[in-house]
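Residues take their numbers from the sequence shown, with the count starting at 1.
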Amino acid sequence: MLSRRHFVLGGVIAPAGAILGLAGCERRPGGTSSSAESSGGTDGGVSSLTIDTVLGRVVLRLPNALDEGASSPSGAGDDASAQWRACVEAAAHWIAEVWGTTRPAGLEGDLRVTLCRDDAEFAASADGLDADTAGVTTRQGVFLAPSVASSLTEAGRRVVLAHELTHLWLGQFGADATQWWLKEGAAEWTAAPLVSVPERSRWPTLAQAAPQKKIRDSPPPQEQVGTELGYEWAHAYVTYLADGAGTARLVALVRARPRDATAVAASLVAGRESFTTWLSGRLR
């Protein structure tokens, strides 16, 4: 799950009047093929796009185009569909770079991504979450709020797609027992390289809290679950683990889903500089 508010200071909220498609989303070398099949409907209709990616087949459902005004949830016409397809492919390639292409146990069939037509559809799909949440992953797939298309820049949309598809690819839905900080921190860490943002801008709430001695040498505590500070702290702590213990050991930790991930994580960086010392250096 990812909060839309998380992007405000990261420079990925679209300016007023911005084009709502994903122009500029790059197709990587050796890109995959895709095909589209549209199905109409009296309620505005939905386009179902089948995309072959390195992770397997992704079925992307987009509202049929609407006008190009600020309330349009998908952009307009075939160009927007092509841009969304390219972004799904780019996100899938990046996830494969980090987590590999072996499908996790329990993840069967096509990977499904739905851009919801309105806030009511998103709330119904996301168990009541409002549109301040950018996306959520369930056993049925990834559901994106309309604000992902209407408010975020192309970079923001790529990050949301990569974040939520990481949850899906790691099987982090349903009864998954991964601790919140590790689950969300790993998804943020995976998606972050898709947009170039200085870390003081990437972690603005954390940057404000750190000088006030509000940050501990550990992952975010339970009371920070779901908050902006919690997301940024989790992302920073996972980045710290990757720097201190190495990417391979971090990946193994996430895949292992230990009951006490906090204690295991601490053992991986025992004897190294503390998290707060590392963070102070990264926020300079």
Side-chain angles (χ1 to χ4, degrees), residues 1-3 6-7 9-10 91 93-102 104 158-159 162-167 169-172 176-284:
M1 184 177 72
L2 195 59
S3 167
H6 187 70
F7 294 106
L9 293 179
H93 271 282
W94 188 250
I95 291 166
E97 288 283 330
V98 177
W99 301 102
T101 57
T102 301
R158 285 200 305 270
V159 169
H163 179 111
E164 297 300 338
L165 282 171
T166 295
H167 286 320
W169 192 243
L170 294 178
Q172 294 174 341
D176 174 65
T178 305
Q179 284 188 248
W180 181 87
W181 71 264
L182 184 59
K183 178 188 304 185
E184 296 300 335
E188 285 282 77
W189 172 76
T190 302
L194 290 170
V195 58
S196 178
V197 177
E199 284 171 339
R200 288 193 66 86
S201 296
R202 194 185 296 281
W203 303 327
T205 312
L206 190 62
Q208 290 180 343
Q212 302 173 39
K213 308 297 183 183
K214 295 181 178 180
I215 306 303
R216 310 171 189 171
D217 286 319
S218 59
Q222 185 65 26
E223 61 264 25
Q224 295 297 341
V225 168
T227 67
E228 291 302 297
L229 178 57
Y231 272 100
E232 293 173 18
W233 189 340
H235 180 191
Y237 196 82
V238 167
T239 305
Y240 163 69
L241 292 177
D243 281 1
T247 298
R249 298 180 80 184
L250 171 63
V251 167
L253 171 66
V254 175
R255 290 195 179 283
R257 295 175 168 85
R259 184 179 298 275
D260 190 355
T262 299
V264 176
S267 72
L268 294 180
V269 289
R272 300 181 182 272
E273 69 176 340
S274 69
F275 170 62
T276 51
T277 299
W278 172 91
L279 181 64
S280 178
R282 295 296 286 261
L283 292 176
R284 285 196 184 109

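Under the side chain to side chain donor-acceptor pair (under 3.5 Å) criterion, Thr277 pairs with Ser274, not counting sequence neighbours. Every residue meeting the side chain to side chain donor-acceptor pair (under 3.5 Å) condition with Trp181, not counting sequence neighbours, appears here in chain and number order: Thr262. Legend: residues meeting side-chain contact (heavy atoms from CB on, under 4.5 Å) with Glu223, ordered by chain and number and at least two apart, are Arg216, Pro221. Partners of Arg200 under the salt bridge (Lys or Arg N to Asp or Glu O under 4.0 Å) rule, at least two apart in sequence or in another chain, do not exist in this structure. Residues that satisfy the side chain to side chain donor-acceptor pair (under 3.5 Å) test with Thr166, not counting sequence neighbours, are absent from this structure. Evaluation of the side chain to side chain donor-acceptor pair (under 3.5 Å) rule for Gln212 yields Lys214 as partners, not counting sequence neighbours. With sequence neighbours excluded, the residues that form a side-chain contact (heavy atoms from CB on, under 4.5 Å) with Ala96 are Val54, Leu55, Thr101. Among residues two or more places apart in sequence or in another chain, the ring pair (Phe, Tyr, Trp, His ring centres under 6.0 Å) test is passed with Trp169 by none.
Between Glu232 atom CD and Thr227 atom OG1 the span is 8.5 Å, to the nearest 0.5 Å. Rounding to the nearest 0.5 angstrom, the gap separating the CG atom in Leu279 from the CD atom in Glu199 is 8.5 Å. The line from NZ of Lys213 to OG1 of Thr276 is 7.5 Å long, rounded to the nearest 0.5 Å. To the nearest 0.5 Å, the span separating CZ on Arg158 from CG on Leu194 amounts to 6.5 Å.
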Practice task
Might you work through the side chain to side chain donor-acceptor pair (under 3.5 Å) test for Glu184 and His235, ending with a clear yes or no?
Solution key: CA-CA 7 Å; Glu184 296 300 335; His235 180 191; over 6 Å; no
Practice task
Could you go through the side chain to side chain contact (heavy atoms under 4.5 Å, CB included) check for Gln172 and Leu182 one step at a time?
Solution key: CA-CA 11 Å; Gln172 294 174 341; Leu182 184 59; over 6 Å; no
Exercise for the section: Go through Trp180 and Gln222 one step at a time and tell me if the side chain to side chain contact (heavy atoms under 4.5 Å, CB included) criterion holds. Expected result: CA-CA 9 Å; Trp180 181 87; Gln222 185 65 26; over 6 Å; no
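Here the closest heavy-atom approach between residue Pro211 and residue Ala207 is recorded as CD-O, 3.0 Å. Looking at every heavy atom in both residues, Pro104 comes nearest to Gly171 through CG-N, 4.3 Å. Among all heavy-atom pairs drawn from Ala236 and Trp203, the shortest one is CA-CZ2, 3.6 Å. The heavy-atom pair separating Ile215 from Ala209 by the smallest distance is CD1-CB, 3.9 Å. The two residues Ala265 and Tyr237 come nearest to each other via the heavy atoms CB-CE2, 4.2 Å. In terms of heavy atoms, Gln179 sits closest to Asp260 at OE1-C, 3.4 Å.
In this structure, the side chain of Arg259 does not engage the main chain of Ala177 through any donor-acceptor pair within 3.5 Å. Looking only at distances, a side-chain donor or acceptor of Trp94 sits under 3.5 Å from a matching main-chain atom of Thr190.
Classification of the Tyr231-His163 ring pair by plane angle, with boundaries at 30° and 60°, yields tilted.
Counting heavy atoms from C-beta outward, Val238 and Glu188 have side chains that stay 4.5 Å or more apart. You'll find the side chain of Val269 stays beyond 4.5 Å of the side chain of Phe275, heavy atoms only.
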Please tabulate, for the side chains in residues 240-250, all donor-acceptor contacts under 3.5 angstrom to protein atoms that are two or more places apart in sequence or on a different chain.
unit_1, atom_1, unit_2, atom_2, d
Tyr240, OH, Glu273, O, 2.7
Asp243, OD2, Trp278, NE1, 3.1
Asp243, OD2, Arg282, NH1, 2.4

